[in-house]
Engineer: 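Pasting a structure below so you can have a look.
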Amino acid sequence: MNTEKTPKLHLAILGVGLIGGAFGMALKDKLQDDIFITGNTRTEKSLHEAKALKAIDEGFLDPIECVQGADIIYLSTPVLQIVPLVKKILPHLKPGAILTDAGSTKSFIAKQIMDLLPENIYYVAGHPMTGREKSGVTAAHKDLFNNKCYVIVKDTGAPAKVVEKIVNLIKLTNANITTLTLEEHDRCASIISHIPHITAAALVNLLDKNPNDLESCITLAGGGFKDTTRIASSNADMWADICISNSEPIIEHLSQLQSLLSGVITSIAKKDRQAIHDYFVESKTRRDMILEETKDKYDLI
Ligand SMILES: NC(=O)C1=CN([C@@H]2O[C@H](COP(=O)(O)OP(=O)(O)OC[C@H]3O[C@@H](n4cnc5c(N)ncnc54)[C@H](O)[C@@H]3O)[C@@H](O)[C@H]2O)C=CC1
Ligand SMILES: O=C(O)C(=O)Cc1ccc(O)cc1
């Protein structure tokens, strides 16, 4: 009889914040002693919090120490920090190690990592389409990925077995896996996530364009303002990185949005009630359709 135990999976999470923390919590909750999770953040305080919240077993301020002997490395720092971090840890990874990231933009990160990889280290690009407007491990919880879409990009050169290993790990968080190409991901993430964050910020910044009315506006603020601006409270560093690293789709879609708004301005100026009505009917019809199509899949909207 073979009494040898399968070795524990060693997962290293670089950037144990909201996303890295939630990933660690979900896997620790599911796999318990069958997983060993090391984590890296920039402060002793957040490492302590991550350990107390059961997102990691052991914390390191040095990313190189954190990845020693790791089977899988989960990169969940802000987007512009991911490639520099990969450059730093790459010489210290064990042969066969798999890198995967949670960055909100994909071509920018994936193309650079693919150029850096030696033959015996693999990379699978990913993006959990879930989150919050709050940052840090204290905002994370084990169910953050539950029933939410998680994009996996297959065209990063990793063998099918390696992709399967990452997919199986992510499935343990109860996320719904969707596969896209790098370009599809970046275009869709721009429309469905990046543009909404930029426009939510614009809605709030509009208040500053009308300083004399600011106080009265705040008194009036209710459901509509809250519904459309929650994500304007998101982390500015994270969103600056996203805009820089997915600039082409974002500029294209913002320009389309600009022309949609110009169209409404014209219709309102002309008092063209039918055109204004059509504008709202079009959006209501589309949104209701999306709600209907996705109601069993995700609580997306
Ligand atoms: N917040 C969200 O809702 C979502 C975020 N993402 C992506 O996930 C990644 C992480 O985002 P969050 O967890 O929200 O951020 P967070 O701010 O909660 O956590 C970021 C982590 O990265 C570390 N970090 C920050 N700057 C660093 C640096 N210069 N060097 C080394 N480590 C550094 C921090 O110590 C922290 O542990 C980002 O790439 C973001 O685009 C993806 C899906 C949703
Ligand atoms: O807070 C929300 O509703 C979000 O939209 C979170 C979010 C932020 C960034 C992403 O790349 C994906 C999801």
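All values below come from the heavy atoms of this structure, side chains included, with hydrogens, waters and symmetry mates left out. Order of listing sets the numbers, starting from 1, for every ligand and every atom in it.
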Engineer: May I ask you to test the Leu254-Ile195 pair for a side-chain heavy-atom distance under 4.5 Å?
Structural biologist: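 Sidechains of Ile195 and Leu254: in contact.
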Engineer: Taking atom types as modelled, find out whether Thr43 and Ser46 have a side-chain donor-acceptor pair closer than 3.5 angstrom.
Structural biologist: yes
Engineer: Among Arg42, Lys88, Lys148, Met129, which residue places a heavy atom closest to atom 30 (N) of ligand 1?
Structural biologist: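 The nearest heavy atom belongs to Arg42.
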Engineer: At under 4.0 Å between heavy atoms, which part of Thr105 makes contact with ligand 1: side chain, backbone, both or neither?
Structural biologist: neither
Engineer: Going by the atom numbers of ligand 1, which of them fall below 4.0 Å from some non-hydrogen atom of Arg132?
Structural biologist: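 Here the atoms of ligand 1 in question are 1 (N), 3 (O).
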Engineer: Could you tell me which atoms of ligand 2, counted from 1 in the order shown, lie closer than 4.0 angstrom to a heavy atom of Ile231?
Structural biologist: 1 (O), 2 (C), 3 (O)
Engineer: What I want to check is whether the side chains of Asn147 and Asn176 have a donor and an acceptor closer together than 3.5 Å.
Structural biologist: yes
Engineer: May I ask you to check whether His194 and Ser104 show a side-chain donor-acceptor distance below 3.5 Å?
Structural biologist: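 No, no side-chain donor-acceptor contact under 3.5 Å.
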Engineer: Within a distance under 4.0 Å of any heavy atom of Gly103, pick out the atoms of ligand 1 and give their elements.
Structural biologist: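 Selected atoms, number and element: 39 (O).
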Engineer: Among all the protein's non-hydrogen atoms, which is closest to atom 44 (C) of ligand 1, and how far away is it?
Structural biologist: Thr130 O, 3.0 Å
Engineer: Write out the residue and atom name of the closest protein heavy atom to atom 12 (C) of ligand 2, then the distance separating them to 0.1 Å.
Structural biologist: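 Minimum-distance protein heavy atom for atom 12 (C) of ligand 2 reads His127 NE2, 3.7 Å.
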Engineer: Under a 4.0 angstrom heavy-atom cut-off, which atoms of ligand 1 come close to Gly136?
Structural biologist: 16 (P), 18 (O)
Engineer: Any salt bridge between Asp115 and Lys111, counting N to O under 4.0 Å?
Structural biologist: no
Engineer: So which protein heavy atom does atom 41 (O) of ligand 1 come closest to, and at what separation?
Structural biologist: Ser104 OG, 2.6 Å
Engineer: Taking 4.0 angstrom as the limit and counting only heavy atoms of His127, give me the atoms of ligand 1 inside it, by number and element.
Structural biologist: 42 (C), 43 (C)
Engineer: Quick one: do the Asp272 and Ser267 side chains pair a donor with an acceptor below 3.5 Å?
Structural biologist: no
Engineer: With backbone taken as N, CA, C and O and side chain as the heavy atoms from C-beta onward, which portion of Met238 lies under 4.0 Å from ligand 1: side chain, backbone, both, or neither?
Structural biologist: side chain
Engineer: Starting from atom 3 (O) of ligand 2, which protein heavy atom do you reach first, and at what distance in Å?
Structural biologist: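 Nearest protein contact, heavy atoms only, for atom 3 (O) of ligand 2 is Arg230 NH2, 2.6 Å.
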Engineer: Using modelled atom types and a 3.5 Å cut-off, is there a donor and acceptor pairing between side-chain atoms of Thr100 and backbone atoms of Ala125?
Structural biologist: no
Engineer: Which heavy atom in Thr156 sits nearest to a heavy atom in Val153, and how many Å separate them?
Structural biologist: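 Minimum heavy-atom contact is OG1-O, 4.0 Å.
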Engineer: Counting only heavy atoms not in Glu183, do more than 12 fall under 6.0 Å of its CD?
Structural biologist: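 More than 12 within 6.0 Å, yes.
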Engineer: Could you tell me whether Lys165 and Asp71 have a side-chain N and a carboxylate O separated by less than 4.0 Å?
Structural biologist: no
Engineer: How far is atom 15 (O) of ligand 1 from its nearest protein heavy atom, and which residue and atom name does that atom have?
Structural biologist: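 Looking only at protein heavy atoms, the one closest to atom 15 (O) of ligand 1 is Leu18 N, 4.5 Å.
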Engineer: Considering only the protein, which heavy-atom contact is closest to atom 8 (C) of ligand 2, and what is its distance?
Structural biologist: Trp239 CZ2, 3.8 Å
Engineer: How close does the nearest protein non-hydrogen atom get to atom 5 (O) of ligand 2, and which residue and atom is it?
Structural biologist: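 Among all protein heavy atoms, the one nearest atom 5 (O) of ligand 2 is His197 CE1, 3.3 Å.
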Engineer: Any idea which protein heavy atom is nearest atom 32 (N) of ligand 1, and the distance to it?
Structural biologist: Thr77 CG2, 3.6 Å
Engineer: How far is atom 21 (C) of ligand 1 from its nearest protein heavy atom, and which residue and atom is that?
Structural biologist: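 Residue, atom and distance for the closest contact: Gly15 CA, 3.6 Å.
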Engineer: Measure the acute angle between the ring planes of Tyr150 and Phe23, then classify it against the limits of 30° and 60° as parallel, tilted or perpendicular.
Structural biologist: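 Aromatic pair Tyr150/Phe23 classed tilted.
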Engineer: Please could you name the atoms of ligand 2 that Gly131 approaches to less than 4.0 Å, counting only its heavy atoms?
Structural biologist: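 Every atom of ligand 2 under 4.0 Å from some heavy atom of Gly131: 1 (O), 6 (C).
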Engineer: Atoms of ligand 1 less than 4.0 Å from Val16 heavy atoms?
Structural biologist: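 By the 4.0 Å cutoff, the relevant atoms are 37 (O).
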Engineer: So which heavy atom in the protein is nearest atom 43 (C) of ligand 1, and how far is it from that ligand atom?
Structural biologist: Pro128 O, 3.2 Å
Engineer: Just to confirm my output: which protein heavy-atom neighbour is closest to atom 20 (C) of ligand 1, and how far is it?
Structural biologist: Ser76 O, 3.8 Å
Engineer: Check for me whether Met238 has a heavy atom closer than 4.0 Å to any atom of ligand 2.
Structural biologist: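 A heavy atom of Met238 does come that close to ligand 2.
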Engineer: Show the atoms of ligand 2 that are less than 4.0 angstrom away from any heavy atom in Ser104.
Structural biologist: 9 (C), 10 (C), 11 (O)
Engineer: Going by heavy-atom distance to atom 8 (O) of ligand 1, choose the closest among Ser46, Ser193, Ala139, Ala102.
Structural biologist: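 Heavy atom nearest to atom 8 (O) of ligand 1 belongs to Ala102.
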Engineer: State whether Glu184 and Arg187 are salt-bridged, where the test is any N-O pair (Lys NZ or Arg NE/NH1/NH2 against Asp/Glu carboxylate O) under 4.0 Å.
Structural biologist: no
